[in-house]
There are 2 protein chains.
Amino acid sequence: MRNKGAAVRQRIVDTADQLFYHQGYENTSFSDIADAMGISRGNFYYHFKSKDEILNAVINARVTRFTEMLSEWDKKIPGPKQRLHYYIDMQSRNQENIVSHGCPVGSLCTELAKTRHSTLVDANQMFTVFRDWLITQLKLLGLKNKAKLISMHLLARGQGIATVSNAFEDKEFLRREVKQLKQWLDVEILKVSH
Amino acid sequence: MRNKGAAVRQRIVDTADQLFYHQGYENTSFSDIADAMGISRGNFYYHFKSKDEILNAVINARVTRFTEMLSEWDKKIPGPKQRLHYYIDMQSRNQENIVSHGCPVGSLCTELAKTRHSTLVDANQMFTVFRDWLITQLKLLGLKNKAKLISMHLLARGQGIATVSNAFEDKEFLRREVKQLKQWLDVEILKVSH
DNA sequence: GTCTATATCGAGATAGAC
DNA sequence: GTCTATCTCGATATAGAC
């Protein structure tokens, strides 16, 4: 079939994406990906020049996926405040994965900061997709001047929750902090309407 | 000299400690440590059975170092509120390192959660040293019931600040968040005295 | 396009001389 | 105690058959 090659390429990216999340980038070998997919090691080099290129494709795939996801949220969730709550609740919805493997964005950036500092700039595009969307929502709520600061603050709070609940494998902590963060945001929103 | 062997062992641990922080555990080889110290690769196995044992020694050394540091703070800083501020300010004092390499505790736990899940329990002892000390300080301030929750919250806030300022290499953000966190804590302390 | 076979390299680890 | 030499393994990457 015509698109078989492209389909395999996509499957490589999807499989690598998940394995990089579960095991880390450096700790995931071609054999790991090949075994998980049922293809041979040599086949990778028809689709990618190097492991670095796979990493790049995974980062791009994630950026695209997050962008589409946020676009869906814009469509299906009526107001910016509800959208922001839905964003914060993402950690509760993914609590199993976060407790087991941390945040896919933060843990990859943390790894690359140590091992491949030159690709960190690409990797933190995963963060800026969320940050820019958060700024948009916050501005819709009238938080003009504080939008950028609050967006970064929300990113950091999310990272803190992910890192600590992962280190302690503590789901209760995650849920408690998510709840608290929504309450904090509500107070910030209230401040502006007075 | 009598203690030469022990001294080398200590130097291995110190050098590995720093390299694990800068480059990550898996990404640091025996050659890296040997080159940094000016000893040969084979010599490691007189002092340690395996790389895993070095990791263990590094974790224990950090736990000891943090414990002693906090004990020093107890001596030199008069009140619990000032101590807590000094704790939060630790990130400002280490801002260069944190922006370049993240938090030594959090980034190691994040790595081990993916690659050596069985040693994560040992690694998060590095967190509990701080958590237990925070609980003590918070109880001294009369925050009896909330002490544990707030201690975990402070750990998470610190991790969020480290992860995001590292990913964006953003010192300004780090300082802003540190200031904000101290203000938040002051409000929590005020709540209890009323 | 996908495979097998292989080259090359660097890792952790061991043996034994000094 | 520290060294050199070496073993073994698994990693990325390449060559070429099919």
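All heavy atoms count here, side chains included; hydrogens, waters and symmetry mates do not. We name chains A, B, ... by the order of the sequence lines, and we start the count at 1 in each one.
The distance between atom CZ of A:F30 and atom P of C:dC3, rounded to the nearest whole Å, is 15 Å. We find that CD1 of A:I39 is positioned 11 Å from P of C:dT4, with the value rounded to whole Å. Here the P atom of nucleotide D:dA11 and the CG atom of B:N27 are 15 Å apart, to the nearest Å. Following rounding to the nearest Å, B:Y25 (OH) and C:dA11 (P) show an atom-to-atom distance of 14 Å. B:F44 places its CZ atom 18 Å from the C1' atom of C:dA15, with the value rounded to the nearest Å. At whole-Å resolution of the value, CG in B:L55 and P in C:dA13 are 12 Å apart. Rounded to whole angstrom, the span from the CD atom of B:E53 across to the C1' atom of C:dA13 amounts to 13 Å. In this structure, the CZ atom of B:R41 is 11 Å from the P atom of C:dG10, given to the nearest Å.
Heavy-atom nearest nucleotides on DNA chain D were determined for A:G42 and for A:D32, and the one closer to the 5' end corresponds to A:D32.
Dashed line: the shortest gap from a side-chain N or O of B:Y46 to OP1 or OP2 of D:dG1 is under 4.0 Å. Dashed line: the shortest gap from a side-chain N or O of A:N43 to OP1 or OP2 of C:dG1 is not under 4.0 Å.
At a threshold of 4.0 angstrom between heavy atoms, the contacts of B:Y45 include nucleobase atoms, whether or not backbone atoms are also involved. Using a 4.0 Å heavy-atom distance criterion, B:S29 is classed as a sugar-phosphate-only contact.
Defined by atom type and a distance below 3.5 Å, a donor-acceptor pair is missing between the side-chain atoms of A:E96 and A:H101.
The listed nucleotides are D:dA11, C:dA11, C:dG12; the one nearest the side chain of B:K51 is C:dG12. For B:S50, the side-chain atoms get nearest to C:dA13 when compared with the rest of D:dA13, C:dC3, C:dA13. In the set C:dG12, D:dA13, C:dC3, C:dC3 carries the atom at the smallest distance from any side-chain atom of A:S40. Among C:dA13, C:dT2, D:dT2, the nucleotide with an atom closest to any side-chain atom of A:V8 is C:dT2.
Using a 4.0 Å cut-off between charged nitrogen and carboxylate oxygen, B:R116 and B:E26 count as a salt-bridge pair. Using a 4.0 Å cut-off between a side-chain N of Lys or Arg and a carboxylate O of Asp or Glu, B:R175 and B:E172 qualify as a salt bridge.
Summarising the local packing, CD of A:Q95 is surrounded by more than 12 heavy atoms from other residues, nucleotides or ligands at distances under 6.0 Å.
Distance alone, capped at 3.5 Å, places no donor-acceptor pair between the A:T110 side chain and the A:S107 backbone.
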